[in-house]
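Structure first, then comments.
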Number of protein chains: 2
Amino acid sequence: MEIKSVVTALAALAQESRLAIFRLLVQTGPEGLSAGKISETLGIPPSSLSFHMKELAHADLVSSRQESRYVIYSANFRTMNELLGFLTENCCSGKPCKPTATSDCAGIEETQA
Amino acid sequence: MEIKSVVTALAALAQESRLAIFRLLVQTGPEGLSAGKISETLGIPPSSLSFHMKELAHADLVSSRQESRYVIYSANFRTMNELLGFLTENCCSGKPCKPTATSDCAGIEETQA
DNA sequence: TCCATGGTTCAAAGATTATAGAAATATAAA
DNA sequence: TTTATATTTCTATAATCTTTGAACCATGGA
């Protein structure tokens, strides 16, 4: 994972609303949630939510699909795992503590490649 | 780890200079590096560096100690591991993928508690 | 004590990000 | 086609973050 992407992903998660959104989507799994449902659940006004979703999507941490008149968002587990891999290898003990962490959670619920 | 602390830590790392600084300190290990050395190595002006170090220290990602007339900074592995633990448990697969990740790198080079 | 070196704080300017109502767009039901 | 619903884009404002020179403080050697 490139440094720029890492910084972008970290920045996307470094905001209370967005971290909450992402956690909610992770809990929900691949089926995802509509924008309205997220908005309602977390009490974030639609236009603000849209702003944050764009940020998360830009960091490739979430994907969206249109479903009838709803837009469904879901977490990108792959990206999150790549981020965790980078942090573990580069920001944990210097010499990569590879043995485990990096790919533990990968492949559990991969939605889209 | 509290949400606020998580957001603070993520924000501290979500900036190119600071991520570079932190990575450098992780590589260096508990012995740490002086402000001047970091400044020189990464080509960051002293006053800018000081600003970023304060940010990292506030997130408890680094500690500093005075050593003669130098200020030595070192990475806080403990905090980084806590952050990784939070992200793994809350932002990886929803139901925590505990088996590994969380504490793999802990205890390798813990400097100060 | 005086000077040199290492670092931080101050201050001011610029850049980026966040917030949220209002308007616009899209889908689908009546 | 009109209407209602779901979501995004636009716009303006506010807030926060970044950058860095200059001034200041601390430590140690001459």
Side-chain angles (χ1 to χ4, degrees), chain A residues 3-25 28 31-76, chain B residues 3-25 28 31-76:
Chain A
I3 290 286
K4 295 266 187 188
S5 312
V6 171
V7 171
T8 302
L10 288 171
L13 295 174
Q15 207 277 354
E16 239 176 295
S17 295
R18 288 195 297 263
L19 185 58
I21 292 167
F22 188 71
R23 289 222 289 160
L24 179 61
L25 289 178
T28 303
E31 64 274 27
L33 287 175
S34 69
K37 190 68 188 170
I38 300 172
S39 180
E40 179 197 2
T41 304
L42 300 178
I44 300 170
S47 67
S48 299
L49 184 87
S50 204
F51 167 82
H52 289 306
M53 295 318 293
K54 199 156 68 174
E55 207 72 8
L56 286 168
H58 175 241
D60 201 33
L61 281 165
V62 305
S63 298
S64 65
R65 62 181 194 275
Q66 186 97 27
E67 208 159 273
S68 158
R69 78 181 120 167
Y70 302 85
V71 173
I72 309 293
Y73 286 99
S74 55
N76 279 174
Chain B
I3 290 287
K4 295 267 186 187
S5 313
V6 171
V7 171
T8 301
L10 289 171
L13 295 174
Q15 207 276 353
E16 239 176 294
S17 296
R18 288 196 296 263
L19 185 57
I21 293 166
F22 189 72
R23 289 224 288 161
L24 178 61
L25 289 179
T28 303
E31 62 273 27
L33 286 175
S34 69
K37 189 69 189 171
I38 300 172
S39 180
E40 180 197 2
T41 304
L42 300 178
I44 300 171
S47 67
S48 300
L49 183 87
S50 205
F51 167 82
H52 288 307
M53 295 319 292
K54 200 156 67 175
E55 207 73 8
L56 286 168
H58 175 241
D60 201 33
L61 281 165
V62 305
S63 298
S64 66
R65 62 180 194 275
Q66 186 97 26
E67 206 159 275
S68 160
R69 78 182 119 169
Y70 302 85
V71 173
I72 308 293
Y73 286 99
S74 55
N76 280 174

Here the pair of heavy atoms bringing B:Leu19 nearest to B:Leu13 is CB-O, 3.6 Å
Partners passing side-chain hydrogen bond (donor to acceptor under 3.5 Å, both in side chains) against A:Gln66 (at least two apart in sequence or in another chain)
none
For A:Ala11 and B:Ala14, the nearest pair of non-hydrogen atoms, with its separation, is N-CB, 3.4 Å
Determine the minimum heavy-atom distance between A:Ala12 and A:Ala59, stating which atoms define it.
CB-CB, 3.7 Å
For residues 33-55 of chain A, dump all side-chain donor-acceptor pairs below 3.5 Å to protein atoms at least two apart in sequence or in another chain.
from    : atom 1 : to      : atom 2 : distance (Å)
A:Ser34 : OG     : A:Lys37 : N      : 3.1
A:Ser39 : OG     : A:Ile44 : O      : 2.5
A:Thr41 : OG1    : A:Lys37 : O      : 2.6
A:His52 : ND1    : A:Arg18 : NH1    : 3.1

If you look at every heavy atom in B:Phe22 and B:Asn76, which pair is closest and at what distance?
CE1-N, 4.5 Å
Which atoms form the tightest heavy-atom contact between B:Ile72 and B:Glu67, and what is the distance?
CG1-CB, 3.8 Å
Bounded by its outermost nucleotides with an atom under 4.0 Å from a heavy atom of chain A, the footprint on DNA chain D reads D:dA4 to D:dT9
Distance in Å, A:Thr8 OG1 paired with A:Ile3 CD1, rounded so as to fall on 0.5 Å steps:
11.0 Å
Could you grab the distance from atom CD of B:Gln15 to atom CG of B:Leu10, nearest 0.5 Å is fine?
14.0 Å
Looking at C:dG6, I'd like to know if its phosphate oxygens (OP1 or OP2) sit under 4.0 Å from a side-chain N or O belonging to B:Tyr73.
no
Roughly how many Å is it from NZ in A:Lys54 to P in C:dT17, rounded to a whole number?
12 Å
Heavy atoms within less than 4.0 Å of DNA chain C: which residues of residues 4-14 of chain A have one? Give them sorted by number.
none
Under 4.0 Å protein heavy-atom contact, by nucleotide of nucleotides 19-30 of chain C - B base, S sugar-phosphate only:
BBBB----BS--
Which distance, rounded to the nearest 0.5 Å, do you find between the OG of B:Ser63 and the CG of B:Leu56?
11.0 Å
How long is the line joining NE2 of B:His58 and P of C:dT8, in whole Å?
17 Å
What are the two closest heavy atoms between A:Thr28 and A:Leu24, and how far apart are they?
OG1-O, 2.7 Å
State the dot-bracket string of DNA chain D. Criteria: Watson-Crick or G-U wobble, both atom distances under 3.5 angstrom; notation: ( ) intrastrand, [ ] crossing earlier pairs, | interstrand, . unpaired.
||||||||||||||||||||||||||||||
To the nearest Å, give me how far apart CE (B:Met53) and C1' (C:dG7) are.
12 Å
How is B:Ser34 classified with respect to the nucleic acid when contacts are heavy atoms under 4.0 Å: base, sugar-phosphate, or nothing?
sugar-phosphate
B:Glu16 has an atom CD; how far is it from atom C1' of C:dT16, in whole Å?
15 Å
